[in-house]
Amino acid sequence: MSAAGNRQPVRGGGAAPAAGRAARELLGEARQLYGAARTLMDDHRGAVDAVRAAHGALNDELVGEELARIPVRRIQEATEGRVQVARLEAAGYATLLDVHGASPHRLERVPGLGRQGARRVRAATDRLVDAVRDLAVVRLDPDDPQPRTTALARALYPLVKAGPDARRAMAAAEALVGDMDADALLSRAGAAGSRMRMLFTRREGRRAALEALARVRDLLEDAARDGVPLLVGQVSVDLLRVPDEVEAWVDFEARSGDYYAALAPVAEAELRGGRAAPHRPAAAEGFLPPELAERVRAQELDDIHLRVSLRGYQAFGARFALAQRRVILGDEMGLGKTVQAVAAIAHLAAQGETHFLVVCPASVLINWMREIQTRSTLRPVRLHGPERGEVFTSWREHGGVAVTTYEALRGFPVPEKSEKPDKSEGPERGEQGRPALLVVDEAHYVKNPQSRRSQAVAAWSRRCERVLFLTGTPMENRVTEFRNLVRPLQPELLPQLAGVDVVAVVDGSQAFRTAVAPAYLRRNQEDVLTELPGVVRVDEWEELSRSDRTAYGTAVASGRFPAIRRAAYARRRDSAKLARLREIVADAADNGLKVVVFSYFREVLTAVRNSLGPSRTLGPLSGSLSVEERQELVDAFAARQGHVVLLAQIQAGGVGLNLQAASVVILCEPQTKPTLEYQAVARVHRMGQVRSVRVHRLLATDSVDERLVTVLEGKSRLFDAYARRSDVAEALPEAVDVSDGALARRIVEEEQARLGVEGRA
């Protein structure tokens, strides 16, 4: 790669290097970077073409299968009876696929059809084929890899590896090539590389050469300052990665969302093919009024600070928050409201903003810190704990993405009031620690305006130009609750809501959608994730409560590994994990979703049952039940209308059960056998599942959970996949067991040393 990235840029726009060796070196660097940029553009084009070809072949196969199921009589309906399909049927055309594959000349030869009739048949067939193609959904199933789906997974792999950097590298490469191609810049500057050539060049030519050389130097310095050589080099390497079948499927399983995100723009461009866009974007845009949707689409979204590729609907959600400034994002659970908020923050940071504030329940504070760290280049600042006052003062001075809790927010001084700027003049620049964006997660916590947390949020909201409320359950069949959320955001909408009676926001009447559109965006999974079903895995990191830590210390001192693993549930009333579990279950209940809770330990399941209430749970499903009793329990779970929670020991849940009625899975602790988690989730995520499955794994910081996760993640994902796919792994789960006695003893000893406790004899 070019050495331009290591050059010391010359400041102040000084004169270009004189003709000769210095100029030749400069031109050499420029030609090398120019060549790398052109190569990147070609490689990226090749990668996209490979995806387009693989997707096109798979899509054609799916369309062909559907056309083969549609009888030819549908053509008569499409032509309103102007074509008598009996003549086609008599000639042996039974399905639309038969007609679609026939040439115009062959159709004209159908007795009684003629040229005009053949044209009508072809036009009607083309319309029906377009409709089928619009509705075709390409799904990648790692449990049933077919040649065409494998080809698509392998084609997508390089684009996924390159990630968001690919767009930035391509933009930089295209700009650089455009500048150097303009007026044959490198060619004009070439004369400056030879003293002899300059000697025999006229004055005007020498001046032009030196000016071109100065421009080349400026381009190299700009590229070095922006890290373009390194970025182009890294993306070029990623685009040349060619995975084998197993590697592609393993990577897909680890981050299927990234694969569908990479596929979406290619598939959409192919689908349009010069025609109008299909109906799906309306759902991705929350069925907003056309004029509002157009305004949101026009909103710029700078992703330079993001480390993740956004789905189309996620990018639209971030744009909605930016364009409308004070809104509620009410997407259904599992659609990534957090990453949309991070994307909006990242855009504002790219525009020069420095201060941001996230308010959330204490149970998800750690998750927010991790999401900001892993999904962006931004700096999270934790405003929680005994030193939060000092950290708040530092944040006001230096900026960052501050994350705090509802309770802690009440102790921070609200920014001083100032004149609110005209919206057309752009945002404030973090004046007096004023957040450029205030994000309120689980905003249904503040639907009671009389509560102290609601009043604190309202006070901060009044001081912030941009506010984003996140909640999948903005109300529970009472429009009053929704008004209470809208009031601190866009109070001017309240009169329009006054006449709206009790409605269900999740479904929403047209009148309600129209009234709340300026302040409310909601998308459901079935509307935007056309590749469902899929699996979304979330690690829920929690801090042990004081009571938890006491119980944990006692367990560590005992030296018993099982006791250490389940210690987080020993004090049910103050358990941090149980608190988060209740929130996840409540969210699922609000959305009418069924939940399966897995744990290795019967004691933990008992604690969960007592915490949720026996009337809300079924089970536990355990190995002590007979096969018939297990099936009766599963059948009862499937037959129950609406939300219900099934408790299951993970050893029993991983064998011979179909739990596809559930769409939320909670793993109470990390397992020492990777196959236990895989098989348990597979009981839910299997054929017959019509919704995506969200898997929450409850983990505690500063505990044995961190050590177990490290051990499991240290194993090669590729090895795990090979093992999981082998007959040996299916027959003998212990073949990849990492829970041997030596490991358990080592972990116990390490925890005892870390906590400074002596093991009991």
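Keep in mind it's a predicted model, so treat the numbers as computed, not measured.
- Other residues, nucleotides and ligands contribute at most 12 non-hydrogen atoms within 6.0 Å of the CD1 atom of I304.
- Nearest heavy-atom pair, Q373 versus P380, reported as atom, atom and distance to 0.1 Å: CG-CG, 3.4 Å.
- Residues V439 and A341 approach most closely at CG1-CB, 4.2 Å, considering heavy atoms.
- Side-chain N or O atoms of K161 include none that pairs as donor or acceptor with a backbone N or O of D238 at under 3.5 Å.
- In R452, the CZ atom is not crowded: 12 or fewer heavy atoms of neighbouring residues, nucleotides or ligands sit closer than 6.0 Å.
- One N or O on the side chain of R379 and one on the backbone of G399 form a donor-acceptor pair closer than 3.5 Å.
- Listed for the H355 side chain is a donor-acceptor partner under 3.5 Å among the backbone atoms of R396.
- Here the side chain of R388 pairs a donor or acceptor atom with the backbone of G385 at under 3.5 angstrom.
- You'll find the side chain of L409 reaches within 4.5 Å of the side chain of L357, heavy atoms only.
- A salt bridge links R382 with E543: the closest approach of a Lys/Arg side-chain nitrogen to an acidic carboxylate oxygen falls below 4.0 angstrom.
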Any chance you could lay out the side-chain contact (heavy atoms from CB on, under 4.5 Å) test for T701 and L544, step after step, and finish with the verdict? CA-CA 7 Å; T701 58; L544 293 174; over 6 Å; no

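- In terms of modelled atom types and a separation under 3.5 Å, the side chain of T404 and the main chain of V359 share no donor-acceptor contact.
- Remark: the backbone N or O of A607 is not paired with any side-chain donor or acceptor of S611 at under 3.5 angstrom.
- In terms of heavy atoms, N484 sits closest to P488 at O-CD, 3.2 Å.
- Between atom CZ of residue F469 and atom CD of residue E442 there is a gap of 13.0 Å, rounded to the nearest 0.5 Å.
- When all heavy atoms of Y445 and S454 are compared, the pair lying nearest together is O-OG, 4.2 Å.
- Between L698 and Y569, some side-chain heavy-atom pair lies under the 4.5 Å cut-off.
- Under the 3.5 Å distance criterion, the side-chain polar atoms of R466 are left unmatched by any main-chain donor or acceptor of L437.
- One distance of note links CG of D702 with CG of L755; it measures 9.0 Å at 0.5 Å rounding.
- Between L322 and L348, some side-chain heavy-atom pair lies under the 4.5 Å cut-off.
- Checking side-chain atoms of D548 against main-chain N and O of A576 turns up a donor-acceptor pair under 3.5 Å.
- Under a cut-off of 6.0 angstrom, the local environment of CD in E603 is crowded, with over 12 non-hydrogen atoms contributed by other residues, nucleotides or ligands.
- Between the side chain of Q490 and the main chain of R326, a donor-acceptor pair closer than 3.5 Å is present.
- Between atom CG of residue D587 and atom OG1 of residue T471 there is a gap of 7.5 Å, rounded to the nearest 0.5 Å.
- Judged purely by atom type and a 3.5 angstrom limit, R565 uses its side chain to pair as donor or acceptor with the backbone of P670.
- With contacts defined as side-chain heavy-atom distances shorter than 4.5 Å, the pair V401/W368 does not qualify.
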When you look at D226 and L231, which way does the side-chain contact (heavy atoms from CB on, under 4.5 Å) test go after all the steps? CA-CA 9 Å; D226 297 336; L231 179 63; over 6 Å; no

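- For the pair I584 and R694, the minimum side-chain heavy-atom distance is 4.5 Å or more.
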Any chance you could lay out the side-chain contact (heavy atoms from CB on, under 4.5 Å) test for R566 and S599, step after step, and finish with the verdict? CA-CA 9 Å; R566 61 175 183 260; S599 176; over 6 Å; no

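- In this structure, H305 and A346 approach most closely via the heavy-atom pair CD2-O, 3.6 Å.
- Residues E669 and F601 meet the side-chain proximity criterion, which asks for heavy atoms closer than 4.5 Å.
- Atom CZ of R311 and atom CZ of R523 lie 11.5 Å apart (nearest 0.5 Å).
- Taking a cutoff of 4.0 Å between a charged side-chain nitrogen and a carboxylate oxygen, R746 and E749 do not qualify as a salt bridge.
- Considering NE2 of H398 and OG1 of T354, their distance stands at 11.5 Å, rounded to 0.5 Å.
- The aromatic rings of Y259 and F252 lie perpendicular to each other, with more than 60° between the two planes, well past the 30° mark.
- For the pair Y552/E751, a side-chain contact is recorded, criterion being any heavy-atom separation below 4.5 Å from C-beta on.
- The shortest side-chain heavy-atom distance between K577 and C668 does not fall under the 4.5 Å cut-off.
- Between the CG atom of L521 and the CD atom of E285 there is a distance of 9.0 Å, given to the nearest 0.5 Å.
- No more than 12 heavy atoms of other residues, nucleotides or ligands lie within 6.0 Å of OH in Y600, so this atom counts as exposed by the packing criterion.
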Report the C-alpha separation of V585 and R616 in whole Å, then their side-chain angles, then the decisive distance to 0.1 Å, and conclude whether the side-chain contact (heavy atoms from CB on, under 4.5 Å) test is met. CA-CA 10 Å; V585 170; R616 300 181 61 184; 3.4 Å; yes

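- Because its NZ or CZ atom is both nearer than 6.0 Å to the ring centre of Y406 and within 45° of the ring axis, R453 counts as a cation-pi partner of that residue.
- The minimum heavy-atom distance linking Q314 with S309 is given by the pair OE1-O, 4.4 Å.
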